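Lettering follows sequence order; numbering is per chain, from 1. Just the heavy atoms: all of them, side chains too, but no hydrogens, waters or symmetry mates, feed the values below. Everything quoted here is computed from the prediction, not taken from an experiment.
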Protein chains: 2
Amino acid sequence: MKSERATLPDRELNDRLAASGLRFTAQRQQVLAVLLKRRDHPTAEEVFIRAKSQMPDISMATVYNCLDALTQCGLVRQVHMDRGAARYCPNMSDHSHFRCEGCGRVHDIDLASEALRPHLPRGFQVSHSEVSLHGLCADCARNSAARSSAK
Amino acid sequence: MKSERATLPDRELNDRLAASGLRFTAQRQQVLAVLLKRRDHPTAEEVFIRAKSQMPDISMATVYNCLDALTQCGLVRQVHMDRGAARYCPNMSDHSHFRCEGCGRVHDIDLASEALRPHLPRGFQVSHSEVSLHGLCADCARNSAARSSAK
DNA sequence: TTTGTATTTAGAATCATTCTAACTCTTGAC
DNA sequence: GTCAAGAGTTAGAATGATTCTAAATACAAA
Ligand SMILES: [Mn+2]
Ligand SMILES: [Mn+2]
Ligand SMILES: [Zn+2]
Ligand SMILES: [Zn+2]
């Protein structure tokens, strides 16, 4: 049985889209649902695969369009690690990203770009900033330490 | 009259290349010279154009190869701003980058990634980090303030 | 010299993304 | 309800940056 009233994320989606003069569509709902379900910073390609499993007719072009719409209306951020495909994150708090070279996962890091402000030279006005870190996450660091001590 | 002994950057280049098992070549020398001459974070394309003006037979593939060799032997860093082409920087000190939306220039910012260390969650090991900032540089901010007050 | 390897080169291939143009759906006069 | 206008979706083409490939060239050591 489907609830009469929209779920909370759907209501939020509807309002945000409307505020940007955009329509609520099944595809945008699906793409957002994918991002909210597993917060692992998937690429557009990965979003496409996951969305397609629920909505077989959705196209890659639409996934790009939806991700763009969601980004525009402030529900999703693009994340740029490495040179490869952009990743997408539905966590809109001011945070940074850490890409683990061991497991490949992209972790949210509670490091606000606000913290960088005092380091800037006089007169510069920052409108947007991005911090990307690379290395070993706690789990992978522990494993690699264990492996090397075991020899 | 050309000096008998190699210039300082050439000596350094020779040593660094040797240390990585790479040869000193005219193309690598030229590409490094381009980067040292104007430290404005050019893209590979821009490096190609500048190098070509001195060395008309150099190819784009070689510019990519040389930039790669210079990066490997620690004389140059790749800088990733936006989604576009990578930029190259011969300043190997721990610093960050600021892309001005007014004039398009990429400025070095004296913000060491070391400063981020204390913000990391326990157990994470950072091997590399990059901070990219966007906004208005001091000059452009001043101009835009002047323009808006003049109405 | 000779010979093996590193480097350069042009062009093809690849990858992510954007664009195009046709089709479909929604909305809001009438 | 009908219908036109606009918004959204779609497949596939086009683009831009980079990497790959294979042949030619330059080098360095034997
Ligand atoms: Mn995130
Ligand atoms: Mn720099
Ligand atoms: Zn890990
Ligand atoms: Zn500027």
- [ ] Take E45(B) and I58(A), find for each the nucleotide of DNA chain D with the closest heavy atom, and name the residue whose nucleotide sits nearer the 5' end.
- [x] I58(A)
Task: Minimum-distance nucleotide (side-chain atoms of Q27(B) versus dT9(D), dT8(C), dT18(D)) - done: dT8(C)
- [ ] Round to the nearest Å and state the distance from D68(A) atom CG to dT9(D) atom C1'.
- [x] 14 Å
TODO: Return the value, rounded to whole Å, for the distance between atom CZ of R83(B) and atom P of dT18(C).
DONE: 8 Å
Open item on the list: By the 4.0 Å heavy-atom rule, please label A86(A) as base, sugar-phosphate, or nothing.
Closed with: sugar-phosphate
Task: F98(B) and F124(A) aromatic ring geometry - parallel, tilted or perpendicular at 30°/60° bounds - done: perpendicular
Task: Nearest to side-chain heavy atoms of A85(B), which nucleotide of dC19(C), dA17(D), dA16(C) - done: dA17(D)
- [ ] Please check if the distance between the ring centroids of H80(B) and H80(A) is under 6.0 Å.
- [x] no
Task: Whole-Å gap separating P (dT8(C)) and NZ (K52(B)) - done: 15 Å
Task: Whole-Å gap separating C1' (dT18(D)) and CG (D82(A)) - done: 15 Å
Task: Rounded interatomic separation in angstrom, taking CG from L22(B) and P from dA28(D) - done: 13 Å
- [ ] Whole angstrom is fine here: how far is it from CD in Q72(B) over to P in dT19(D)?
- [x] 12 Å
Open item on the list: Between R28(A) and dG8(D), is there a contact of a side-chain N or O with OP1 or OP2 at under 4.0 Å?
Closed with: yes
TODO: Have a look at T25(B) and say if it touches a base, only the backbone sugar-phosphate, or nothing, with a 4.0 Å heavy-atom cut-off.
DONE: sugar-phosphate
Task: Length of the line joining N65(A):CG and dC19(C):P, which is rounded to integer Å - done: 11 Å
TODO: Select one nucleotide: of dA7(D), dA11(D), dA28(D), the one nearest the side-chain heavy atoms of R23(A).
DONE: dA7(D)
Task: 5' precedence on DNA chain D between A61(B) and F24(B) (nearest-nucleotide basis) - done: A61(B)
Task: R77(B) side chain vs Y88(B) backbone, donor-acceptor pair below 3.5 Å - done: no
- [ ] Would you confirm whether R87(A), through its side chain, and D40(A), through its main-chain N or O, come within 3.5 Å as a donor-acceptor pair?
- [x] no
- [ ] Report the relative orientation of the aromatic rings in H128(B) and H134(A); use parallel for angles under 30°, tilted for 30 to 60°, perpendicular for over 60°.
- [x] tilted
Open item on the list: Between P on dT9(D) and CG on L70(A), what's the gap in Å once rounded to a whole number?
Closed with: 10 Å
- [ ] Output the single nucleotide from dT9(C), dA16(C), dA17(D) whose closest atom is nearest the side chain of Y64(B).
- [x] dA17(D)
Task: Distance test, side-chain N/O of T62(A) to OP1/OP2 of dT9(D), below 4.0 Å - done: no
